[in-house]
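These notes are about the structure you will find just below.
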Amino acid sequence: MKWTKLISVALLLSIPFFAQAADKTVLVFGDSLSAAYNLPTEKGWVTLLEQKFGQHGASVKFINGSISGETSSGGLVRFPNQLKQAEPDVVVLELGANDGLRGFDLATTRSNLTKMIELSHQAGAKVLLAGIHIPPNYGRTYTRKFDQIFQDLAAKDNVALIPFILQGVATVPGMMLDDGLHPSEKGQKVMVDTVFKYLEPMLK
């Protein structure tokens with residue numbers, strides 16, 4: 001009897017962590033940076049990241065609610081229904097870039113992102129906020145205030161921050177499409193590693 005128990009314990013300890021913490025759901029809610037813009041869906045970082053978790057023995061389901069051109073205001077309208085349908089354990093919130101590029105009022109952007117974070121927490125989901133930078137030609141004050149939004153929101157409980165989701169991609173030759181705004185197929189692969197680094201600990 002004792003040997004049977006010891007063998008059972010040994011087998012449990014030998015099972016990879018993710019095999020025990022299976023069936024997690026991640027909702028990626030963003031814009032064209034997460035929607036595999038001008039690429040086949042299977043080449044986008046969201047699909048590739050789901051595959052990577054699978055390769056690590058994790059049963060993680062990814063739901064991609066991203067739409068090209070989405071703003072934080074448009075996202076807020078869609079978000080409650082998307083959140084209800086997905087019932088995620090973690091929300092990867094990647095919005096704000098289009099607000100900044102269009103010179104929107106940043107107080108509105110901050111408010112919209114705050115509300116989506118609050119809705120996520122109310123639904124029992126953790127939040128991984130994806131930071132983004134806008135070009136310096138928008139002015140030092142505006143770009144500084146834009147960056148500060150993500151820093152401030154990341155200071156909240158249960159909000160983790162990817163400082164710059166295009167780290168190692170933006171301005172790097174071959175990593176961006178010809179428009180200079182969206183990641184290429186190579187860039188998508190780099191984004192997979194960037195997001196995995198911050199998301200993996202949140203699923204433990």
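The residues of the chain are indexed from 1 along the displayed sequence.
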| query | How would you list all residue pairs meeting salt bridge (charged side-chain N to carboxylate O under 4.0 Å, His left out) that involve residues 36-45, not counting sequence neighbours? | reply |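 Non-adjacent pairs meeting salt bridge (charged side-chain N to carboxylate O under 4.0 Å, His left out): K43-E185.
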Using side-chain heavy atoms (C-beta onward) and a distance below 4.5 Å, is [X] in contact with [Y]?
X	Y	result
V46	E50	no
L101	P135	yes
L76	M116	yes
F150	I162	no

[Y] versus [X], side-chain donor and acceptor atoms under 3.5 Å:
X	Y	value
N112	S73	yes
D99	T71	no
T194	Q167	no

Would you say [X] and [Y] are hydrophobically clustered, going by side-chain heavy atoms of ILVMFWY under 4.5 Å?
X	Y	answer
Y37	V169	no
L166	Y138	yes
L203	L48	yes
L181	L33	no
L161	Y198	yes

| said: Is it the case that atom CG in D178 sees more than 12 heavy atoms from other parts of the structure closer than 6.0 Å? | reply: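 Incorrect, the count does not exceed 12.
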When rounded to the nearest 0.5 angstrom, what is the spacing between [atom1] in [X] and [atom2] in [Y]?
X	Y	atom1	atom2	result
I165	S34	CD1	OG	5.0 Å
K52	F62	NZ	CZ	11.0 Å
H182	D31	NE2	CG	7.0 Å
N158	S120	CG	OG	10.5 Å

Closest non-hydrogen atom pair, [X] against [Y]:
X	Y	answer
P201	K197	CD-O, 3.4 Å
L177	P183	CG-O, 3.8 Å
A170	F164	CB-CZ, 3.9 Å
V192	W45	CG2-O, 3.6 Å
I132	D147	O-OD1, 3.8 Å
M202	A160	SD-CB, 3.8 Å

| Mind checking whether Y142 and F146 have parallel, tilted or perpendicular rings, split at 30° and 60°? |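 Judged by the thresholds at 30° and 60°, the geometry between Y142 and F146 is parallel.
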| said: Classify the ring geometry of F196 against H56: parallel below 30°, tilted from 30° to 60°, perpendicular beyond 60°. | reply: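 Tilted: the ring planes of F196 and H56 meet at 30° to 60°.
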| Testing L49, V60, I63 for side chain to side chain contact (heavy atoms under 4.5 Å, CB included) with V26, which one passes? |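 Passing option: V60.
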